Amino acid sequence: MYRKFLTMAAGALVLGAASMSSAEAAGKNICVSWKTFQEERWKTDEAAIKAVVEAAGNKYASADAQGSAAKQQADIEGLITQGCNVILVVAFDSDAILPAFQAAADAGVKMISYDVLVEHPDALYVTFDNVGVGRLMAQTMLEKGKAEGDFAFIKGDKGDPNATFLFQGIMEVLKPNMDAGKIKNVCETFTDGWKPDAAQKNMEQCLTSVNNKVDAVISQNDGMAGGVVAALEAQGLAGTVPVTGQDGDKAALNRVATGTQLVSVWKDSRVLGQKAAEFANMIADGKALTEIPGVIKFSGGAKGVEVNAVLIPPNPITKANLGDVITAGWVTKEEVCAGAAADVEACK
Amino acid sequence: MAAVDNTQNPAMAQEGALTRFMRATEIDPRMLGMVGALLIIWIGFDIFSSFLRGGEALFGGSFLTPRNLWILLVQTSSIAVMTTGMVLIIVMRHIDLSVGSILGFTAVCIGTMQVYWLAPALGVGHPAIWIITLALGLALGAAIGAFHGTLIAYFGIPSFIVTLGGLIVWRGAAWSVIRGETVAPMDRNFKLIGGGISGTTPGSIGATASWILGLVICAAIVWLIFHGRKQRKRFNFGLRPMWAEYFLAIAGCLVVLGITWIVNSYYWPKGVVDRWAQATGVTIPPEGLNIAFGYSIPVLIALFVGIAMTFLANRTRLGRYIYAIGGNPEAAELAGINTKKITVIVFALMGMLAAISASISSARLDSATNALGQFDELYVIAAAVIGGTSLAGGLGTIYGAMLGALVMQSLQSGMTLLNFESATKDIVVGCVLVFAVWIDQVYRRRVK
């Protein structure tokens, strides 16, 4: 009952917006269907998308599905009626949203699945290269951390496919050295809910089991890296054992500056939003999906459907390029540089 | 001797030696069972790990090393602190599902106060920071608990619902305080509460203080036994035979001194010694420097909480009332006990204990995140239940629940040490929970 009411209310709102926008139609309409606006990060994405869309003289409209697959479907139907030329969708449920994608395709509206893969052959998939994050972690470890020795792997939650994707990417890069016997996998463990305190316990047990003989730690995100560093510090090893991570957490970037974490692979959602909005503008102007710069064929989803995709490489933040996060306005210099090591250029 | 000697009771003449021993020493068989289970788990893990990697522990593995046992105690402390309160809640026929979320929320608030308010205002590392934040944190936890208690007692909403709501609300509130960011690093004095090393200051009390503490506890055990015997004589109660008194005193002291010896056999890791030597200008002899950790601060906190809560449960009017309410709420109310007020007090106490755990967890992690303490409510309840607390109310002991927490953490740490898959860990821990309760039921039925 409640959901029905929400859907109706949303429909009414969308219809109202539709009559408004068609009255003053100028340029193309680029629309976004968000899965939920409760997470802060989507606001960052929205600002980036809006700026690019409006700079090109197009119009921006959006709908928030509030974490409901049913509402998102109604949202998209509403956006089609509203006369959107291109709809970016952050899918809440990538299977349940397929009928809405088909309806859009039938109505001649172009779709972009943003950040979350929707396996529809007519949609463009724009996301960060997630397997690439794993590869980047491993590469940075080989180039700037340790290229041989005893490695510990602190993986994310066992129920999250991302943990497995990341691990695939990591192993791809490390495999030659592992086969040559240079790198030994001494601990490998999943971490419930990606929790930092669980990662700390896992790392403590790992260090106990091999009597501190760990040369490098591949942690799959920054939160867990925090737990790993706390465990290393209790053994006086923090700073000598390189640790990886991702997300560009403030605390993690500070650890990069102080030298207890080697790298935080940073997925700047502003870059993602900006790129996706540029593509949306191009598609609205009639460009074919296959002509988008950097487009590839991607079929790594659960169903193996081949879609056009642009995979944007993330930025591995180490001591050397810590300035990137500061100049981008992601964090302030004071936040990152508290207690920084002397050799960090960005903190001078 | 004027007092009655238990062993002279004719009805006990045909009893087996073990039963007679148990009766004479008045040891709770369930506790003995749990200690036995714990030893089996520990030895099992040690033998198992000796096959995998080998090590220098008792049975050739890596589990029964001073280092692992020291870390095990630290890892248990946060859950152990909370489970002491959960026992009283369950005894009163209530439940608190919100402890993990209260932990997360108070941790995030403590972190925010330290990093964003007090450190800029008073200067980083100011000695008052940890005291202020700890006090405010505990007050906050108690206030949240009291709020839950009020809703339960005076508004008549079932505790399951109130705290289920709290589970969701406080986790959301924890996210809102810092918008999902991680607050780090914590104040350097506060950090010691977690037992980790802050610079060159370890969060533990060192060898000498640990031995002194061990001896003090020994003396306390002897005094308690002596004093107890005197009191029993005074009121003409049944006495334990002298050999049983000696046995209890010696066994208790041996356990305490044994644990002290273990925590004093875990030495500072080389990296920390080097850093310390550098900071203090001490030259390290070529054979290395062995500085013992001793009892860590979180373990001492848990120990203190355990003793205080046991005292509260057994020796105070409040404690008596709690068990009376659990045994029969209507009768307790008719007898003139203000059950509503006591409900509020117990939930406030639980909230405060969650805040203590929040301090331990965030200090240990050296950061506060909104995910801290997630699922802890389940482990806390499971520890209480494994420790013999009856969900029907009226029954449960503090030490049992703390032992239950140690059993759970032993299983988890041990399986991590052996590189078990985390799915296997979940399955084993769940099965052990159900099995432990079943054993307890069987035992209780047989005693009846």
Side-chain angles (χ1 to χ4, degrees), chain A residues 38-41 43 155 157-159 185-212 222-227 229-241 247 249-252 254-255 258 260 331 334-335 338-339, chain B residues 49 52-53 55-56 62-63 65 67-68 71-72 74-75 78 124 172 175 179-185 191 194-198 202-203 268-276 361-362 364-367 369 371-376 409 412-423 425-426:
Chain A
Q38 271 195 13
E39 293 171 47
E40 195 186 18
R41 78 151 276 201
K43 298 197 171 93
K155 302 190 283 186
D157 191 87
K158 61 179 177 294
N185 176 349
V186 288
C187 310
E188 180 187 329
T189 164
F190 282 109
T191 309
D192 284 337
W194 301 78
K195 283 169 59 188
D197 46 335
Q200 183 179 13
K201 284 181 186 171
N202 285 339
M203 194 64 221
E204 282 170 347
Q205 296 316 110
C206 171
L207 287 169
T208 306
S209 70
V210 296
N211 205 10
N212 287 0
D222 282 343
M224 298 195 301
V229 169
L232 288 172
E233 195 172 319
Q235 296 299 323
L237 296 171
T240 54
V241 177
D247 291 342
D249 277 5
K250 282 177 195 167
N254 179 244
R255 283 196 295 273
T258 53
T260 51
V331 285
E334 292 74 45
E335 283 171 325
Chain B
S49 62
L52 275 187
R53 278 206 191 87
E56 58 266 27
S62 51
F63 191 87
T65 54
R67 170 180 177 171
N68 191 50
I71 292 177
L72 181 66
V74 175
Q75 288 176 344
S78 164
V124 175
W175 193 89
R179 318 298 298 165
E181 275 174 28
T182 303
V183 188
K191 218 176 132 181
I197 294 168
S198 175
W268 289 17
K270 199 182 159 299
V272 179
V273 174
D274 290 347
R275 203 162 58 195
W276 174 78
S361 309
S362 58
R364 204 167 105 73
L365 189 60
D366 193 17
S367 62
T369 71
L372 206 62
Q374 212 169 6
F375 311 125
D376 272 10
Q409 190 57 52
Q412 282 181 320
S413 303
M415 285 188 286
T416 313
L417 195 67
L418 296 178
N419 247 336
F420 271 44
E421 265 196 34
S422 62
K425 277 190 270 181
D426 294 346

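The structure presented is a predicted model; accordingly, all values stated were derived computationally and were not measured. Throughout, protein chains are lettered first and strands after them, A, B, ... in sequence-line order, and every chain is numbered starting at 1.
Applying the salt bridge (charged side-chain N to carboxylate O under 4.0 Å, His left out) test to A:Arg255 and every residue at least two apart in sequence or in another chain returns nothing. Applying the ring-ring contact (aromatic ring centres under 6.0 Å, His included) rule to B:Trp276 yields the partners B:Trp268; only residues at least two apart in sequence or on another chain are considered.
Of the listed residues (B:Asp426, B:Thr416, B:Leu365), the greatest number of heavy-atom pairs within a distance under 4.5 Å of chain A belongs to B:Leu365. Per-residue counts of heavy-atom pairs under 4.5 Å with chain A were compared for B:Val74, B:Ile71, B:Leu72; the largest is that of B:Ile71. Note on B:Ala423, B:Pro269, B:Gly271, B:Ala371: by heavy-atom pairs under 4.5 Å with chain A, the leading option is B:Pro269. Per-residue counts of heavy-atom pairs under 4.5 Å with chain B were compared for A:Leu237, A:Asn212, A:Thr189; the largest is that of A:Asn212. Note on A:Gly159, A:Pro196, A:Ala251, A:Ala338: by heavy-atom pairs under 4.5 Å with chain B, the leading option is A:Pro196. With respect to chain A, the highest number of heavy-atom pairs below 4.5 Å among B:Arg364, B:Gln374, B:Arg275 belongs to B:Arg364.
The distance from atom CD of B:Gln412 to atom CD of A:Gln205, rounded to the nearest 0.5 Å, is 10.0 Å.
At least one donor-acceptor pair closer than 3.5 Å links the side chain of A:Thr191 to the backbone N or O of A:Lys155.
Remark: B:Lys270 engages B:Asp274 in a salt bridge, criterion side-chain N to carboxylate O under 4.0 Å.
B:Thr182 touches chain A through backbone and side chain together, each having a heavy atom under 4.5 Å away. Using a 4.5 Å cut-off between heavy atoms, A:Asp192 contacts chain B through its side chain alone, with no backbone atom that close. With a 4.5 Å cut-off on non-hydrogen atoms, A:Lys250 touches chain B through its side chain but not through its backbone. For a residue to count as touching a neighbouring chain, one of its non-hydrogen atoms must lie under 4.5 Å from one of that chain's; by this rule A:Asp249 touches chain B with the side chain only.
Closest heavy-atom contact between B:Asn419 and A:Cys187: ND2-CA, 4.0 Å. The two residues A:Asn202 and B:Lys425 have their closest heavy-atom pair at OD1-NZ, 3.9 Å.
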